[in-house]
Colleague: 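What follows is a structure written as structure tokens; I'll ask about it next.
What you see is a predicted model, and the numbers here were worked out from it, not measured in a lab.
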Amino acid sequence: MPSRTVAQTLVDGLVRLGVRQVFGVVGDALNPLTDAIRKREELEWVGCRHEEAAAFAAGAQAQLTGTLGVCMGTVGPGSVHLLNGLYDAAKSHAPVLAIAGQVPLAEAGTDYFQEVDNDLLFRDVAAFRATVTTPGQLPGLFEVAVRTAVARKGVSVLTVPGDVGDADVPDSRPPRFSLARTSTRPDEPAIREAVELLDAAGKVTLLVGRGAQSAREDVLALAERLASPMVLTLKAKEGFEDDNPYEVGQTGLIGNPAAADAMTDADALLLLGTDFPYREWYPEGKQIVQVDVAAEHIGRRAHADVGLVGDVGPTVRALLGHLAPRDDRDHLEKARKRFAGWQENQQRLTDTTYDDGLAGKVRGTVDNPDRRIRPEALAAAVDRAAADDAVFTSDTGMATVWLSRFVRMRGGRRLLGSYNLGSMANAMPQALGAQFLDRRRQVVAFCGDGGLSMLLGDLITLRTYDLPVKLVVFDNTRLGMVKLEQEEAGLAEFGTGLNNPDFAAVATAMDITGIRVTDPDELEEAVGRAFATDGPVLLNVLTNPDEIAVPPQPTVEQGWSFAVARMKGLLRNRND
């Protein structure tokens with residue numbers, strides 16, 4: 001077999017793994033690798049404008065497929081720029097391989113131009129990291145990097161100095177990957193302990209996370225057996241929101257009163273595949289059974305009376321083999337009725353004529369005097385227009401709030417966001433990665449104006465590769481979530497204002513269809529036109545900056561703080 005270089009061996013392995021795209025920015029240390037990619041039809045190099053966008057795109061592909069996503073950054077700053085997107089992948093449990101460039105071996109350790117210690121730089125984010133110092137270390141290091149990323153659902157970083165990439169590998173065998181995954185369930189005594197607790201509890205509420213996604217039918221059967229309302233985490237919207245007679249929405253700051261009450265009214269909580277982090281939203285005095293494949297997750301957010309370490313599917317099936325059915329369905333029906341009432345009230349805000357009615361005029365004098373488009377109406381219009389198998393991404397902040405409340409994950413819809421790291425600027429590059437997986441599938445990005453402008457340059461990447469992503473920009477000229485947090489703390493708004501350009505005009509200048517909407521009466525038509533247009537589209541909608549996302553259980557203190565903050569803002573404006 002003819003000799004293969006380090007770069008060719010890496011590319012051969014990626015092709016064998018079924019990787020279809022590699023995202024990055026070219027640079028001298030990567031030249032051997034990008035040249036090897038150039039010669040393979042099976043693998044596409046995607047040149048991004050910022051390495052952070054490349055890492056977000058690779059992480060999105062990993063989350064959607066469950067298989068390896070790949071990105072590259074050249075020596076020094078190029079690799080540094082990968083960090084935020086890699087942290088998002090790590091905290092989202094997405095298998096990503098980052099290949100980083102490095103200075104020539106002879107210059108390592110001399111503070112050479114652009115030299116950065118990659119093994120130190122990536123120590124916190126990477127489950128595996130190594131620098132290839134001799135060609136003979138491949139394919140071994142490559143195999144370990146891939147296995148670690150996939151098995152631990154995290155990030156591996158393989159650093160390749162520029163003068164190593166072109167060197168021949170002594171062992172010319174192709175890399176071998178063994179990536180089979182096994183499922184686990186707790187032992188029988190632990191199952192019976194959980195059954196005893198749940199059978200003895202009067203009212204049980206389920207809190208379901210993304211870790212239960214592959215066990216939908218088992219979880220629905222469990223909810224039926226226990227007559228339990230099902231509270232969802234944001235990431236569990238995908239998989240559990242559609243056609244679910246037990247669902248009562250989400251808890252937490254972006255949740256609703258029905259979900260919060262379902263947890264408060266319960267005698268016991270059953271946590272399934274969730275590491276929901278907000279301690280203040282776990283009611284006190286409840287018995288808790290927690291099921292999670294990661295033992296370290298058990299009890300770290302709220303005490304667990306019984307911890308069941310295992311995959312949700314086999315664990316729930318084991319519970320179903322013992323649990324007694326419930327005849328009393330009052331707890332479930334009460335929660336579902338509350339949820340339906342909350343949904344009905346929320347839908348009133350989605351009507352573009354809401355501010356024309358008496359209630360809207362009264363409310364609008366306080367929170368929407370300029371009669372800007374309400375973000376609820378925009379989110380609901382997108383929900384109606386989008387396909388039932390669309391992939392949605394959302395920027396951290398208010399864009400996620402509106403998506404969580406007004407977009408239903410029906411049919412085969414998928415959902416991505418920076419829901420663990422909470423980064424800005426993730427929605428557009430994640431949509432980029434998602435669209436590369438299937439150009440015929442609709443991909444919709446809910447972008448905040450702050451998030452979009454942070455990585456604005458990669459709009460050009462959408463145009464370069466003619467990706468038909470629909471970018472929906474909630475343009476409220478604010479860092480909206482920060483503004484809300486300041487006001488809830490009784491502080492005057494400060495530092496959140498954004499001097500935005502006309503994003504639709506910016507898109508047009510990049511040869512992307514740009515649509516700008518300022519009139520509520522034009523919203524429905526504009527959304528329909530955006531989704532009917534071929535190719536990438538940026539829909540720039542000027543939304544109300546003072547819209548309030550009321551938390552599920554607002555307190556008197558929060559209301560008073562908000563009023564004080566608004567008064568401070570009015571006085572400051574008058575003084576200005």
Colleague: Of all heavy-atom pairs between L538 and A507, which one has the smallest distance, and what is that distance?
Modeller: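 L538 and A507 have their closest heavy atoms at CB-CB, 3.8 Å.
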Colleague: Contact between C71 and L82 at the side-chain level, heavy atoms closer than 4.5 Å - yes or no?
Modeller: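 Side-chain contact under 4.5 Å: yes.
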Colleague: Would a distance-only check, ignoring hydrogens and angles, find a side-chain to backbone donor-acceptor pair under 3.5 Å from N540 to I515?
Modeller: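 Here the side-chain-to-backbone pair does not exist.
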Colleague: For R478 and D449, run salt bridge (charged side-chain N to carboxylate O under 4.0 Å, His left out): C-alpha distance rounded to whole Å, both residues' side-chain angles, the deciding distance at 0.1 Å, then the answer.
Modeller: CA-CA 7 Å; R478 294 293 192 281; D449 45 2; over 6 Å; no
Colleague: For residues A381 and V527, report the shortest heavy-atom separation together with the two atoms involved.
Modeller: O-CG1, 3.7 Å
Colleague: Suppose the criterion is ring pair (Phe, Tyr, Trp, His ring centres under 6.0 Å): which pairs have a residue in residues 97-116, not counting sequence neighbours?
Modeller: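 Found none.
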Colleague: Test F392 against M409 for side chain to side chain contact (heavy atoms under 4.5 Å, CB included), laying out the working first.
Modeller: CA-CA 9 Å; F392 286 86; M409 290 293 113; 3.7 Å; yes
Colleague: Do F122 and F128 have ring centres separated by under 6.0 Å?
Modeller: no
Colleague: Sequence neighbours left out, what pairs pass salt bridge (Lys or Arg N to Asp or Glu O under 4.0 Å) with at least one residue falling in residues 149-167?
Modeller: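 Passing the test, one end in residues 149-167: no pairs.
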Colleague: Please list, chain by chain and in numerical order, all residues satisfying side-chain hydrogen bond (donor to acceptor under 3.5 Å, both in side chains) with Q102, sequence neighbours excluded.
Modeller: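 With sequence neighbours excluded, Q102 shows a side-chain hydrogen bond (donor to acceptor under 3.5 Å, both in side chains) to no residue whatsoever.
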Colleague: Just by distance, no angles: are the side chains of S418 and S423 close enough, under 3.5 Å, to form a donor-acceptor pair?
Modeller: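 Result is no, nothing qualifies.
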Colleague: Going by salt bridge (Lys or Arg N to Asp or Glu O under 4.0 Å), name the residues that satisfy it together with R439, two or more places apart in sequence or in a different chain.
Modeller: none
Colleague: If I compare all heavy atoms of P536 with all of L462, which pair ends up nearest, and what's the gap?
Modeller: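 In this case the closest contact between P536 and L462 is CG-O, 4.4 Å.
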Colleague: Considering only NZ, NE, NH1 and NH2 on the basic side and carboxylate oxygens on the acidic side, decide whether R408 and E247 come within less than 4.0 Å.
Modeller: yes
Colleague: Regarding R374 and E376, does a basic nitrogen lie under 4.0 Å from an acidic carboxylate oxygen?
Modeller: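 Salt bridge absent between R374 and E376.
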Colleague: Answer yes or no: is there a side-chain heavy-atom contact under 4.5 Å between Q435 and Q442?
Modeller: no
Colleague: Could you go through D168 and T5, starting from their C-alpha distance and side-chain angles, then the distance that decides it, and tell me whether this counts as side chain to side chain donor-acceptor pair (under 3.5 Å)?
Modeller: CA-CA 4 Å; D168 288 340; T5 66; 5.7 Å; no
Colleague: Taking atom CZ of R529 and atom OG1 of T513, what is their separation to the nearest 0.5 Å?
Modeller: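 Between atom CZ of R529 and atom OG1 of T513 there are 9.5 Å.
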Colleague: Find out whether V472 and L378 are in side-chain contact, i.e. whether some heavy atom of one side chain is under 4.5 Å from a heavy atom of the other.
Modeller: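 When only atoms from C-beta onward are counted, L378 and V472 do touch, with a gap below 4.5 Å.
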Colleague: side-chain contact (heavy atoms from CB on, under 4.5 Å) with M510: which residues, sequence neighbours excluded?
Modeller: L459, I460, V506, I512
Colleague: Please round to the nearest 0.5 Å and tell me the distance separating atom CZ of F503 and atom CZ of R516.
Modeller: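 One gets 9.5 Å once the value is rounded to the nearest 0.5 Å.
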Colleague: Report yes or no: does D292 contribute a side-chain atom to a donor-acceptor pair with the main-chain N or O of A294 at less than 3.5 Å?
Modeller: yes
Colleague: I want to check something: taking the side chain as every heavy atom from C-beta on, are L10 and L138 in contact at a cut-off of under 4.5 Å?
Modeller: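 Heavy-atom side-chain distance check passes, below 4.5 Å.
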Colleague: Taking side-chain hydrogen bond (donor to acceptor under 3.5 Å, both in side chains) as the definition, give me every residue that meets it alongside D383, ordered by chain and number, with sequence neighbours left out.
Modeller: R410, R413
Colleague: Is there a donor-acceptor pair under 3.5 Å between the side chain of S79 and the backbone N or O of T74?
Modeller: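 Between the backbone of T74 and the side chain of S79 there is a qualifying donor-acceptor contact (under 3.5 Å).
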Colleague: Between T400 and D395, is the side chain to side chain contact (heavy atoms under 4.5 Å, CB included) condition met? List the steps.
Modeller: CA-CA 6 Å; T400 289; D395 270 333; 5.8 Å; no
Colleague: Is a donor on one side and an acceptor on the other found under 3.5 Å between the side chain of N544 and the backbone of R372?
Modeller: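 Not confirmed, N544 side chain does not pair with R372 backbone.
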Colleague: Say you draw a straight line from NZ of K91 to CG of L421; how long is it, rounded to the nearest 0.5 Å?
Modeller: 6.5 Å
Colleague: Take the angle between the ring planes of Y465 and F436 and call it parallel below 30°, perpendicular above 60°, tilted in between.
Modeller: perpendicular
Colleague: Atom CD1 in I373, atom CG in N476: separation rounded to 0.5 Å?
Modeller: 12.0 Å
Colleague: Applying side-chain contact (heavy atoms from CB on, under 4.5 Å), name anything that partners T233, two or more places apart in sequence or on another chain.
Modeller: L207, K235, A236, T274, F276
Colleague: Check whether any side-chain heavy atom of V146 lies under 4.5 Å from a side-chain heavy atom of T148, and answer yes or no.
Modeller: no
Colleague: Does this structure show an ion pair linking R210 with E238, if we count only N-O contacts that are shorter than 4.0 Å?
Modeller: yes
Colleague: Rounded to the nearest 0.5 Å, how far apart are CG of D475 and SG of C447?
Modeller: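 Those atoms lie 11.0 Å apart.
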Colleague: Taking only residues at least two apart or on different chains, which pairs with a member in residues 36-87 satisfy ring pair (Phe, Tyr, Trp, His ring centres under 6.0 Å)?
Modeller: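 Qualifying pairs: H50-H81.
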Colleague: Quick check: closest heavy atoms across R216 and G239, and the distance to 0.1 Å?
Modeller: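 Looks like NH1-O, 2.8 Å.
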Colleague: With sequence neighbours excluded, give me every salt bridge (Lys or Arg N to Asp or Glu O under 4.0 Å) pair touching residues 120-138.
Modeller: none
Colleague: I'd like to know if the side chain of T131 pairs up with that of D119 as donor and acceptor (distance under 3.5 Å, no hydrogens or angles considered).
Modeller: yes
Colleague: Does any N or O in the side chain of K237 come within less than 3.5 Å of the main-chain N or O of L415, such that one atom is a donor and the other an acceptor?
Modeller: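 Here the side-chain-to-backbone pair does not exist.
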Colleague: Listed by chain and number, what are the side-chain contact (heavy atoms from CB on, under 4.5 Å) partners of A379, not counting sequence neighbours?
Modeller: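 So A379 forms a side-chain contact (heavy atoms from CB on, under 4.5 Å) with W402, F406, F446, F474.
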Colleague: Locate the shortest heavy-atom distance separating K470 from D534; write the atom from each residue and the value.
Modeller: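 The pair with the smallest heavy-atom distance is NZ-C, 4.2 Å.
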Colleague: Salt bridge or not between R463 and D466? Use side-chain N to carboxylate O under 4.0 Å.
Modeller: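 Answer for the salt bridge query: yes.
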Colleague: Atom CZ of R405 and atom OG1 of T350: how far apart are they, to the nearest 0.5 Å?
Modeller: 13.5 Å
Colleague: Considering only heavy atoms from C-beta outward, does the side chain of L14 approach that of V22 to under 4.5 Å?
Modeller: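 Contact flag for L14/V22 side chains = yes.
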Colleague: Taking only residues two or more places apart in sequence, or in another chain, which ones meet E217 in a side-chain hydrogen bond (donor to acceptor under 3.5 Å, both in side chains)?
Modeller: none
Colleague: Do the charged groups of E143 and R176 touch, with an N to O distance under 4.0 Å?
Modeller: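 R176 and E143: not salt-bridged.
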Colleague: Looking only at non-hydrogen atoms, find the nearest pair between V150 and P95 and report the distance.
Modeller: CA-CB, 3.9 Å
Colleague: Scan side-chain atoms only and decide if S394 and Y419 contain a donor-acceptor pair under the 3.5 Å cut-off.
Modeller: yes
Colleague: Are side-chain heavy atoms of I99 and L33 found at a separation under 4.5 Å?
Modeller: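 SC-SC contact between I99 and L33 confirmed.
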Colleague: Does the pair T133 and Q137 meet the rule for a side chain to side chain donor-acceptor pair (under 3.5 Å), with working shown?
Modeller: CA-CA 8 Å; T133 57; Q137 290 177 293; 3.1 Å; yes
Colleague: Is the shortest distance from a Lys or Arg side-chain nitrogen in R300 or E296 to a carboxylate oxygen in the other one below 4.0 Å?
Modeller: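 Judged by the 4.0 Å cut-off on N to carboxylate O distance, R300 and E296 do not form a salt bridge.
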Colleague: When Q61 is tested against each of R20, Q430, Q21 for side chain to side chain donor-acceptor pair (under 3.5 Å), which residue passes?
Modeller: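 The passing option is Q21.
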Colleague: Less than 4.5 Å apart, any side-chain heavy atom of E52 and any of P429?
Modeller: no
Colleague: Report the residues that fulfil salt bridge (Lys or Arg N to Asp or Glu O under 4.0 Å) with E524, sequence neighbours left out, ordered by chain and then residue number.
Modeller: R384
